[in-house]
Amino acid sequence: MLTALDNELLEKIADLHNIPIGAYNIRKNGEGVSRNTTANIDIITKKDQPGIDVRIKPGTKGESVHVPVIMSASGLTDVVYNTFEVGAGSEVLIVAGCGIHNPGDQNSQHDGIHHFFVREGSRMKYVEKHYGEGKGKGERILNPKTIIEVEADGIVELEMVQIKGVDHAERVTEIHLQKNARLIITERLLTYLSQEAESKIIVELDGEDSTAQVISRSVAQDHSKQKFYFNLVGKNKCRGHVQCDSIIMHQAKVFSIPEISALHQEAQLVHEAAIGKIASDQLIKLMSLGLSEKEAEDTVLKGFLK
Amino acid sequence: MLEIKNVSLDVGNNGHNIKILKDLNFTFKEKKLYVITGPNGGGKSSLAKIIMGIYKPADGRIILDGLDITNFDITQRANLGIRYAFQQPPRFKGIKVRKLLTIAAGDAAEKTDLCGLLQDVGLCSQDYLDREVDGSLSGGELKRIEMATVMARRVKIAVFDEPEAGIDLWSFQKLGETFKNLHEKYDTTIIIISHQERILSLADEVMVLADGRIKEVTSKERIMAEIAAGAGDCRCGQDCGKGVGRNVDCIG
Ligand SMILES: Nc1ncnc2c1ncn2[C@@H]1O[C@H](COP(=O)(O)OP(=O)(O)OP(=O)(O)O)[C@@H](O)[C@H]1O
Ligand SMILES: [Mg+2]
C-alpha cells in the first residue's frame, strides 16, 4: 500500500522510517490506508464527515499516536476533521503532519482541522510538520487549523515546523487554557522562492494561574512572504510571553502583528518581536574560523531554526 | 612572520573619510608575544581587523611568511592560520558551545579535546559544552568561549582583543598561564590587545598605538623596570593620571 515515495514523505513529516510503533492512522490521497490501535488508544472513523476520532484512555502514559497525511497526486483537495480526546492524567506524544508530493501542474491542497481535548492533569506533546515536494507547476497548499482545550493542570507542548516545500500555508491555532494549565508553543518556519505563509496564534488564558509561552522563529528568503499574528488574551490571573524573531533575506517580506489583551488586573503579558537580517558580526566570526560566507550563513540559519 | 607595510585605513563617516590608521609599519615575528596597548579609540581593534581581513586597508600591504595576503578575504586568512578573538563577540541563537568549538577546530575537530580547551579558559566543560552561545551566557563566559575558539587549533597568528575584559580578578593568573602555554605548545605568534599591567608583563614587546599611529615600541624589561621604579606614569599614550592598567592592583 505504501510506496518508497510515501515512506520518504512519512520520514520527512513524522521521522518515521517505517510503520510506526503504537497507535497510528496513515491517510493517503484522501483515504485512510492503514491503522493500528492499542489497548489504551482507539481510533474510530467519523461517520458524519471525513476524519477520525482518537480516544486516549485516562492514565495512558508513555504512548504515542501518529496521524500523518500524505498526498502524492496532483489536483486533489482533501479536508479532514480529526478529534483527539486525551483522557485525564495521561502523558502522550501525538505526531501529525502533512507531506505533499505534487507531481503535476494542478494544485494539491490539504486542510486539516484538529480539535484536541486535553483533560485534567494530562500532558500532551503535539508535533506538526509540513513538507512539500514535486517538480510540477501545481502548488502545494496546506491550511491547518488546530484548536486545543486544555483543562485544569494540563500541560501542552506544541511544536510546529514548516521548512520549505509548501507554497501556500495558512495556519490557525487557537488554544484555551483553564486553571493552572501550561502551554509552550515553538514554531519554526522557513519560506523561499515565492512561497507565502501565514500563522495566526490565539491563546486565551481563561483559568487562574495559567501560563503560555510562544517562541516563534522564522527565516524568509527570496521573494517569499510571511505574516504572523499573535494574540494572548489574559482573562484571569495569568502569565503569557510571546517571542517572535524573524530573519529576513533577499527580497522577502515579513509582517508581524502582535496583540496582547489583558482583561484582568493580574494578567501579565509580554510580547517581543524582532525582524532583521543576519547579523554581520555572526558571519564574520564564523568566517574567521574558516567557514566560507555561504557556510557561515547556513550555520547561523540552521542554529536559529533548531 | 607577519609584516604590516605602510598600512592606512580610512572609514567613511557621513560622506567624510576619516583616517583610523596612518601609515603603520611593523613586523610581528615568529614565536613572540606582543601586547598592543593605548587609549580608547587609538586604532587597536582596527589593526586587528586589518590583520584578520575584516577591514581592507586603503594603502599598504600585509605579508604573511612572504605571501602577500592584502587581498585575501577573511576565510582565506583563517585557513592560512590567522585567528582573531573579538573584543565584543557575537552571540548565536541555537548554536551550542560544542558546535562553535568544533567549527573552530576545523579539520582537527576529532582529535581536539574540547573539555581541555574550556578548562584552559577557566570554564568547567561539563557545564558549558551543551549551552547555547546565546544571550544566556554572561559577558565573561562569552569572552572565555571566544578565546577558546581561537585556541581550538594550531595557528600562526592569534590576536586577542582585550581578553581580560569581563574576566574576574581571580581568573587572571590562570589566563596568563594559558597564554604562555599556547605560546609554548604551538609556537604561535600571539598579539594581545590589552590595558592590563599583568598582561603587559607577559609581552616580549609592547606596542603603544595612539591616534592611529605607533607611538612607541618597548620591551617588557623596560616596561617592568618602569613599573618596578614605581613610575606610576601613564603608558597608555594619554595623560590619564595613572589610571589605566593599574585597576587590578587598586582593587585587588
Ligand atoms: N567602522 C567604523 N566606522 C566609523 N568609525 C570607526 C569604525 N571602526 C573604527 N572606527 C573609529 O576608529 C577609531 C579607532 O577604533 P578602534 O576600535 O580601532 O579603537 P581601539 O583602539 O580598539 O579602542 P578601545 O580601546 O576603545 O577598544 C575610533 O575612533 C572609532 O570610532
Ligand atoms: Mg578595541
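Lettering follows sequence order; numbering is per chain, from 1.
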Counting only heavy atoms not in B:K56, do more than 12 sit closer than 6.0 Å to its NZ atom?
yes
Which residue is it: B:T75, B:D73, B:I54? I am looking for the one with a side chain to side chain contact (heavy atoms under 4.5 Å, CB included) to A:M287.
B:T75
Taking B:R77 for its side chain and A:S288 for its backbone only, find out whether a donor-acceptor pair lies under 3.5 Å.
no
Identify the heavy atoms of B:A78 and A:G290 that sit nearest to each other, and give their distance.
CB-N, 3.5 Å
For the residue pair A:D245 and B:K93, establish whether any side-chain heavy-atom pair is separated by less than 4.5 Å.
yes
Flag yes if more than 12 heavy atoms outside A:E259 fall under 6.0 Å of its CD atom; otherwise flag no.
yes
Chain B shares the most heavy-atom pairs under 4.5 Å, among A:V300, A:L305, A:L291, with A:L291
Chain A contact via B:I103 - side chain, backbone, both or neither, heavy atoms under 4.5 Å:
both
Should we count NZ of A:K145 as having more than 12 external heavy atoms under 6.0 Å?
no
Atom NZ of B:K22: over 12 foreign heavy atoms under 6.0 Å:
yes
For B:F86 against A:D281, the heavy-atom pair lying closest together:
CE2-O, 4.0 Å
Using side-chain heavy atoms (C-beta onward) and a distance below 4.5 Å, is A:L289 in contact with B:V150?
no
Looking at B:E146, B:R83, B:M52, which one has more heavy-atom pairs under 4.5 Å with chain A than the rest?
B:R83
Would B:F92 and A:T299 count as a side chain to side chain contact (heavy atoms under 4.5 Å, CB included) if you check the C-alpha gap in whole Å, the side-chain angles of each, and the deciding distance to 0.1 Å?
CA-CA 10 Å; B:F92 298 89; A:T299 303; over 6 Å; no
Enclosure of A:K129 NZ (heavy-atom neighbours >12, cutoff 6.0 Å)
yes
Might you confirm whether atom CD of A:E272 has over 12 heavy atoms from other residues, nucleotides or ligands at distances under 6.0 Å?
yes
More than 12 non-hydrogen atoms from neighbouring residues, nucleotides or ligands closer than 6.0 Å to CZ on A:R123, yes or no?
no
Atom group of A:K306 that falls short of 4.5 Å from chain B, counting heavy atoms
side chain
Report the C-alpha separation of B:T149 and A:K285 in whole Å, then their side-chain angles, then the decisive distance to 0.1 Å, and conclude whether the side chain to side chain contact (heavy atoms under 4.5 Å, CB included) test is met.
CA-CA 10 Å; B:T149 64; A:K285 178 68 217 174; 3.3 Å; yes
Mind checking whether B:I95 and A:F304 have side chains closer than 4.5 Å, heavy atoms only?
no
Is the number of heavy atoms from other residues, nucleotides or ligands under 6.0 Å of A:R188 CZ greater than 12?
yes
Whatever's closer than 4.5 Å to a heavy atom in chain A on B:L80 counts as neither
Without swapping roles, check the side chain of A:Q282 against the backbone of B:R91 for a donor-acceptor pair under 3.5 Å.
yes
